[in-house]
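Taking it in order: structure first as structure tokens, then the write-up.
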Amino acid sequence: EGMKASLISREIVADSVELVVRGHLLDGFVGISGCDKTIPAMVMAMARLNLPSIMLYGGSIAFGEYKGKKLTIQEVFEAIGAFNAGKIDARELNEVESRACPGAGACGGQFTANTMSTAFEMLGVSPMGFNGVPAVDPHKEEVAFETGKMVMELLRKGVLPRQIITRKSLHNAIAGVMATGGSTNAVLHLLAIAKEAGVKLTIDEFDRISRKTPLVADMR
């Protein structure tokens with residue numbers, strides 16, 4: 001039952017951003033997102049408000065290590081399955097769980113958070129390469145500062161989200177999802193963003209683009 005609240009939270013976050021920006025009569029803004037639903041919510045708000053704005057992703061978690069192997073949350077899921085199947089004991093499971101998530105950041109797989117962060121660079125609403133900087137990387141502060149400078153430049157030039165979020169750029173974002181083996185949640189989120197931007201996009205277009213887009217890498 002609790003999982004049913006997840007998608008609804010996207011709408012609450014988008015509404016909250018819209019409320020703050022309108023309430024304070026902001027001329028532009030940087031939407032800083034974290035996990036899953038906050039990322040599309042920021043871009044939905046950008047499209048809805050149509051003010052000079054950029055979405056900056058807080059970044060992915062660093063990988064953990066155990067017995068010389070790199071770990072992500074995915075290894076935890078697999079370890080739980082192995083434990084339930086009697087292949088590993090509780091101590092081994094605890095070792096994997098304790099090391100897989102070493103600090104701040106969103107899940108270290110090409111799940112919703114990293115999928116959408118990639119897609120939004122390709123959509124053009126995030127600076128290319130900025131979202132890929134991990135949460136605890138020292139360069140994150142640098143890219144955040146540069147994002148602030150960039151949004152002021154957008155304000156000076158009068159560049160608006162609906163000029164960037166077009167049918168062509170949405171197709172580019174979809175191709176990015178397909179090329180990186182991204183989350184199926186991208187369908188839900190890109191359709192919602194297209195609606196906010198007043199762009200007609202259908203679910204059939206995802207299938208058409210996926211058929212001609214190669215899987216470049218199985219991202220983690």
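Just so it is clear, the model here is predicted, and its values are computed rather than measured.
Within 6.0 Å of CD in Glu153 there are more than 12 heavy atoms belonging to other residues, nucleotides or ligands.
Scanning both residues, Ala119 and Ala173, for their nearest heavy atoms gives O-CB, 3.5 Å. Of all non-hydrogen atoms in Ala14 and Met44, the two that sit nearest each other are CB-CB, 4.2 Å. Across all non-hydrogen atoms, the minimal contact from Met46 to Phe29 is CG-CZ, 3.7 Å. Between Ile165 and Ala197, the shortest heavy-atom distance links the atoms CG2-CB, 3.7 Å. Among all heavy-atom pairs drawn from Gly109 and Asn114, the shortest one is O-ND2, 2.9 Å.
Interatomic distance, Asp36 CG to His189 NE2, rounded to the nearest 0.5 Å: 7.0 Å. One distance of note links CZ of Arg48 with NZ of Lys195; it measures 10.0 Å at 0.5 Å rounding. With values rounded to the nearest 0.5 angstrom, Asp27 atom CG is found 12.5 Å from Arg156 atom CZ. Rounding to the nearest 0.5 angstrom, the gap separating the CG atom in Leu154 from the CD1 atom in Ile54 is 4.5 Å. Here the CE atom belonging to Met42 is positioned 14.0 Å from the NZ atom belonging to Lys37, to the nearest 0.5 angstrom. Taking CE of Met178 as the start and OG1 of Thr115 as the end, the distance is 10.5 Å to the nearest 0.5 Å.
The closest donor-acceptor contact from the side chain of Thr38 to the backbone of Cys35 lies under 3.5 Å. The main-chain N or O of Thr72 is found under 3.5 Å from a side-chain atom of Glu75 such that the two form a donor-acceptor pair. Between the side chain of Glu18 and the main chain of Ala45, no donor-acceptor pair closer than 3.5 Å is present. The closest donor-acceptor contact from the side chain of Thr213 to the backbone of Ala175 lies at 3.5 Å or more, if one exists at all.
Follow the hydrophobic side-chain contacts under 4.5 Å out from Phe130 and you reach Met55 in the same cluster.
Only one option out of Glu92, Glu97, Arg99, Glu95 pairs with Tyr66 in a side chain to side chain donor-acceptor pair (under 3.5 Å); it is Glu92. Under the side chain to side chain donor-acceptor pair (under 3.5 Å) test applied with Asn131, the options Ser33, Ser126, Ser60 reduce to a single match, Ser126. Of the options Leu201, Leu170, Val199, a side chain to side chain contact (heavy atoms under 4.5 Å, CB included) to Leu191 is made by Leu201 and by none of the others.
For the residue pair Thr202 and Glu205, a side-chain donor N or O sits within less than 3.5 Å of a side-chain acceptor on the partner.
The hydrophobic side chain of Leu19 is isolated, with no ILVMFWY side chain under 4.5 Å apart from it.
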